[in-house]
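Below you'll find the structure, written out as structure tokens, and then a few comments.
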Amino acid sequence: MITRFAPSPTGPLHLGHAYSALLAQDMATAMGGEFLVRIEDIDRTRVRPQWDAQIFAYLHWLGLSWPQPVMRQSQRLARYSEKLDWLWAGHHVFACTCSRRDVIDALGAPQEGADLPTGPDGVIYPGTCRSHQAMAANEHAPKDAALRLLMTSAVAQTHFSFHETGHGPNGETGLIEFTAEDAISDIGDIVLARRDMGTSYHLSVVLDDAAQDVTHVVRGEDLFDVTKIHVILQRLMGLPTPIYHHHRLIRDSAGKRLAKRDDARAIAKYRTEGASPDDVRRIVGL
């Protein structure tokens, strides 16, 4: 078993991060496996050195250990670009110049956020730029536009599935199945590369998990539906599908899931106030 914890250095780690990281290592240790840390730092506009350093400091404080050096997404941009060229040459992606406002207007919504069809990656794209597909003579994906997955091309097969050992937000567990029709109607043409980033969370995480031979993906149940996107990409690119273990979210007193802006529940605050790693385990229910 190989598990991983893959934080982004864009803010302080909070109790939800602690729970996910500790659970991932506990699962790997119980099976005599390996726990990895990966830094998801592709969003260079939000990454800060202080948050990067703090990730390692507080994971070590919690008692976690992992092999060195860690994988960093910022060092794998050439790999992502190579795979985007492959997808472009295979007519699986298309260039998109639409802004969010353009998408909303094309859907006919009277105002932003009103009655918009949404999927696991947000508003479902209406297909405005879908005709911008690769020409056979051009094997390189363009760099001056976002690249969207042409879902009708990506789901040439009709049936998809993955194994869930945790649970989704509605208790989903076991063998999770969905169809090509589900993907086309409920997910749509998601962005695989942002113009200012050269990749996306979806593309990077799928390629990285495969590169690190991750066998079990441990993450919050809020990402359960996103897993369908990742399974589609794995099938399309000939990559293995890990077993997924989605876990409960750590919430505040009002029942709201924690975010990086929730400094009151940052690991740093608990440590400063004298809490021990065992105290943190107890607080998150481990």
Side-chain angles (χ1 to χ4, degrees), residues 8-11 40-48 51 73-74 76-135 138-155 180-208 222-230 232-233 236-237 257 259-261:
S8 299
T10 57
E40 297 191 341
D41 57 351
I42 52 175
D43 190 348
R44 305 306 296 174
T45 63
R46 298 175 60 218
V47 167
R48 298 292 182 270
W51 301 129
Q73 290 184 337
S74 59
R76 288 176 48 79
L77 297 180
R79 174 57 176 157
Y80 307 146
S81 180
E82 174 188 310
K83 189 54 68 172
L84 286 167
D85 283 345
W86 181 85
L87 292 165
W88 176 262
H91 303 273
H92 299 305
V93 296
F94 62 92
C96 177
T97 57
C98 295
S99 66
R100 178 172 173 78
R101 183 75 257 170
D102 293 334
V103 171
I104 292 171
D105 290 344
L107 290 168
Q111 58 187 14
E112 186 167 349
D115 301 318
L116 296 176
T118 58
D121 197 48
V123 177
I124 297 177
Y125 185 68
T128 308
C129 295
R130 202 173 287 152
S131 60
H132 299 173
Q133 289 179 254
M135 298 296 100
N138 184 0
E139 62 181 18
H140 295 292
K143 307 296 184 184
D144 59 349
L147 296 177
R148 288 185 178 271
L149 181 67
L150 182 61
M151 189 60 76
T152 53
S153 173
V155 292
E181 289 76 14
D182 295 332
I184 293 168
S185 63
D186 300 339
I187 299 174
D189 302 330
I190 56 103
V191 172
L192 281 193
R194 282 172 40 184
R195 184 186 316 178
D196 58 346
M197 189 181 293
T199 184
S200 66
Y201 166 70
H202 302 305
L203 179 68
S204 298
V205 75
V206 165
L207 292 174
D208 295 345
D222 55 322
L223 293 173
F224 177 81
D225 288 331
V226 167
T227 301
K228 295 177 181 179
I229 297 173
H230 299 171
I232 291 167
L233 292 175
L236 180 60
M237 296 187 289
R257 75 181 183 91
K260 288 184 177 178
R261 61 182 175 273

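- With contacts defined as side-chain heavy-atom distances shorter than 4.5 Å, the pair Ile187/Pro120 qualifies.
- A heavy-atom distance below 4.5 Å is not found between the side chains of Val123 and Ile104.
- The shortest distance between side-chain heavy atoms of Pro142 and Trp88 falls below 4.5 Å.
- The shortest side-chain heavy-atom distance between Leu149 and Ile229 does not fall under the 4.5 Å cut-off.
- Using a 4.5 Å cut-off on side-chain heavy atoms (C-beta onward), Leu150 and His92 make no contact.
- Leu147 pairs with exactly one of Thr199, Leu84, Leu87 by the side chain to side chain contact (heavy atoms under 4.5 Å, CB included) rule, that one being Leu84.
- Considering all non-hydrogen atoms of both residues, Ala145 and Ala95 come closest at CB-CB, 4.0 Å.
- In this structure, Tyr125 and Arg130 approach most closely via the heavy-atom pair O-NH2, 4.1 Å.
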Using the side-chain contact (heavy atoms from CB on, under 4.5 Å) rule, take Ile42 and Arg194 through it: C-alpha gap first, then chi angles, then the decisive distance, then the call. CA-CA 10 Å; Ile42 52 175; Arg194 282 172 40 184; over 6 Å; no
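- A distance of 8.0 Å separates CG of Leu192 from NE2 of His202, quoted to the nearest 0.5 Å.
- Using modelled atom types, one side-chain atom of Ser8 and one backbone atom of Glu40 make a donor-acceptor pair closer than 3.5 Å.
- Shown here for Cys129 and Cys98, the closest heavy-atom pair between the two residues is SG-SG, 3.6 Å.
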Between Ile184 and Val155, is the side-chain contact (heavy atoms from CB on, under 4.5 Å) condition met? List the steps. CA-CA 8 Å; Ile184 293 168; Val155 292; 3.9 Å; yes
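- For Lys143 and Ser81, the side-chain atoms include at least one donor-acceptor pair closer than 3.5 Å.
- Taking all atoms of both residues into account, the shortest heavy-atom contact from Ser153 to His91 is OG-O, 3.4 Å.
- Among residues at least two apart or in separate chains, salt bridge (Lys or Arg N to Asp or Glu O under 4.0 Å) pairs with a member in residues 197-208 are Arg38-Asp208, Arg76-Asp208.
- Annotation for Gln73 and Val205: closest pair NE2-N, 4.1 Å, computed over non-hydrogen atoms.
- Asp41 contributes a side-chain N or O that, together with a main-chain N or O of Ser74, makes up a donor-acceptor pair within less than 3.5 Å.
- Within the 3.5 Å criterion, the main-chain N or O of Gly119 finds no donor-acceptor partner in the side chain of Asp186.
- By the salt bridge (Lys or Arg N to Asp or Glu O under 4.0 Å) test, Arg79 pairs with Glu82, sequence neighbours left out.
- The OG atom of Ser204 sits 13.0 Å away from the NZ atom of Lys83 when rounded to the nearest 0.5 Å.
- Among residues two or more places apart in sequence or in another chain, the ring-ring contact (aromatic ring centres under 6.0 Å, His included) test is passed with Tyr201 by His230.
- Looking at heavy atoms from C-beta onward, Leu203 lies in side-chain contact with Met237 at the 4.5 angstrom threshold.
- Ala141 approaches Asp85 most closely through the heavy-atom pair N-OD1, 2.8 Å.
- For Arg46 (side chain) and Thr10 (main-chain N/O), no donor-acceptor pair under 3.5 Å exists by modelled atom type.
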